Every structure is written in structure tokens, then in C-alpha cells.
Amino acid sequence: MLSSSSSKLPNKQVNMASANELHEKIKEYASFISQTLQPQLQTAVDARDATDADISEYTQLRNKLQYLENEIKSDLSSSSTGESTPSSAKNCKPLEALVDISHGTVYCRAVIPNPRTVYVDVGLGFMVEFTLQEAIGFIDKKLKYLDEVSKHRASVAEGIARDVEDALELLEELGAEIPDRDTA
């Protein structure tokens with residue numbers, strides 16, 4: 001009985017009901033984009049950027065260690081004996097350096113008594129003492145790993161960005177389907 005009377009509704013009321021439903025769907029999708037997809041995208045981009053920053057830091061460290069290693073080799077070869085023996089390697093001259101103690105904002109002078117060994121942050125707050133060669137080898141492995149992580153995080157961010165684009169296109173399509181109130 002109700003169905004027979006509802007089928008006799010004027011066309012204008014049916015269009016208004018479907019327009020209201022479309023408005024609700026548009027609100028739902030807009031809310032999903034702003035409260036779910038955009039924060040996920042920002043988190044993914046921030047994670048990728050942090051990994052890229054780590055890659056940059058480790059690359060700089062590797063370059064500095066290679067430079068230091070070459071300096072030590074040239075100092076040893078220019079010594080009076082001209083021999084590079086293990087005892088002469090232990091007797092390297094101390095190295096003066098500026099050490100970053102506050103993420104690039106505060107530096108202090110430091111004297112490194114034996115520049116042939118260095119401490120490298122390997123993660124989780126652990127510092128490991130390496131020879132220059134060991135440190136360079138570790139950093140090369142770490143850079144390969146970070147490169148893979150960066151690629152994965154970039155693909156995740158790209159996927160979320162595609163989802164945002166698809167949702168925005170859906171919103172445009174839904175907006176185009178809403179009948180104008182003047183013509184209805």
C-alpha cells in the first residue's frame with residue numbers, strides 16, 4: 001500500500017531525494033579524503049623524507065670517512081720512513097674537528113686522538129666502534145638498505161596519492177550528477 005502511493009510521488013520529489021542522497025555521499029567522501037587519505041599521505045611523505053635525510057647523512061659521513069682515510073694514507077706515505085706499518089698506523093697524528101652536538105645548530109671543537117677508528121650510530125641508540133674501512137663497509141650496506149626502504153616508502157606515497165586523486169575524481173562525478181534545484 002505504501003509502495004503504491006510512493007510510486008505516485010511527483011518526479012520533482014524523487015529528484016530532490018536523490019539530490020539529498022548525493023549531497024550526503026559527497027560529504028562522506030570529502031570527510032574520508034580529509035580525515036583519512038590526506039593524513040596517510042602526509043605520514044607516508046614524511047617517512048620517505050626522513051629516509052632520504054638519513055641517506056644524505058650517511059652519504060656525507062661515508063665521503064668524510066673516505067677523505068679522512070686518504071689523508072691518513074697520504075700522511076703515512078709522506079712520513080720519513082715511507083713505510084706503512086701497523087705500528088705507524090697506531091701513531092697517527094691527532095685530528096682536530098668540529099663536532100655537531102645539536103643537529104646542526106651547536107658545534108664544539110674536539111681532538112680525535114686516533115682518527116683510524118670512529119664510532120658510528122647503527123640505530124636504536126647504539127654506537128659501534130669501527131675502523132675506517134669497517135665503517136665505510138657498514139655505511140655502504142646501510143645505504144643499500146635505506147635505498148630500498150626509500151623506494152618502498154615512495155611507492156606507498158604514490159599509491160595513496162593515486163587514491164586521493166581517484167576520490168577527488170569521484171567527488172567531481174558525484175557533484176556533476178546533482179540536479180540543479182532551479183531545473184528540478
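Remember, predicted model here, so these are calculated numbers, not experimental data.
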Electrostatic pair Lys151-Asp147, nearest N-O below 4.0 angstrom:
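Salt bridge present between Lys151 and Asp147.
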
State, yes or no, whether a side-chain contact exists between [X] and [Y] at a heavy-atom distance under 4.5 Å.
| X | Y | answer |
| --- | --- | --- |
| Gln66 | Asn63 | yes |
| Leu65 | Arg62 | no |
| Leu61 | Val118 | no |
| Met127 | Val122 | no |

Write down the atom of [X], the atom of [Y], and the distance for their closest heavy-atom approach.
| X | Y | answer |
| --- | --- | --- |
| Val164 | Leu37 | CG2-CB, 3.6 Å |
| Ala44 | Ile160 | CB-CD1, 4.0 Å |
| Pro39 | Ser34 | CD-O, 3.3 Å |
| Ala157 | Val45 | CB-CG2, 4.2 Å |
| Asp121 | Gly125 | OD1-N, 4.4 Å |

Counting heavy atoms not belonging to Glu129, are there more than 12 under 6.0 Å from its CD?
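Correct, the count exceeds 12.
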
Tell me whether Lys25 at atom NZ has more than 12 heavy atoms from other residues, nucleotides or ligands lying less than 6.0 Å away.
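Open: at most 12 neighbouring heavy atoms sit under 6.0 Å from NZ of Lys25.
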
Is [Y] reachable from [X] through a run of hydrophobic residues whose side-chain heavy atoms are each under 4.5 Å from the next?
| X | Y | value |
| --- | --- | --- |
| Ile112 | Tyr107 | no |
| Leu132 | Val99 | no |
| Phe130 | Tyr119 | no |
| Ile139 | Phe126 | yes |
| Tyr67 | Ile136 | no |

Hey, what do you get for [atom1] ([X]) to [atom2] ([Y]), rounding to the nearest 0.5 Å?
| X | Y | atom1 | atom2 | result |
| --- | --- | --- | --- | --- |
| Asp49 | Asp54 | CG | CG | 11.0 Å |
| Leu41 | Asp46 | CG | CG | 9.5 Å |
| Gln133 | Glu69 | CD | CD | 4.0 Å |
| Ser155 | His152 | OG | NE2 | 5.5 Å |
| Glu165 | Glu158 | CD | CD | 10.5 Å |

Quick one: does any side-chain atom of [X] pair with a main-chain N or O of [Y] as donor and acceptor, under 3.5 Å?
| X | Y | answer |
| --- | --- | --- |
| Ser56 | Asp52 | no |
| Ser150 | Leu146 | no |
| Ser102 | Thr105 | no |

Quiz question: by atom type and distance under 3.5 Å, do the side chains of Asn20 and Glu24 form a donor-acceptor pair?
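Per modelled atom types, Asn20 and Glu24 side chains form no pair under 3.5 Å.
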
Can you list the residues that meet the salt bridge (Lys or Arg N to Asp or Glu O under 4.0 Å) rule with Asp163, with sequence neighbours excluded?
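Partners of Asp163 under the salt bridge (Lys or Arg N to Asp or Glu O under 4.0 Å) test: none.
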
With side chain to side chain contact (heavy atoms under 4.5 Å, CB included) as the criterion, how do Arg116 and Thr131 come out once you've worked through the C-alpha distance, each side chain's angles and the decisive distance to 0.1 Å?
CA-CA 6 Å; Arg116 297 193 62 75; Thr131 65; over 6 Å; no

Taking the six-membered ring for Trp, are Phe138 and Tyr58 parallel (under 30°), tilted (30 to 60°) or perpendicular (over 60°)?
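Plane angle over 60°, so perpendicular.
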
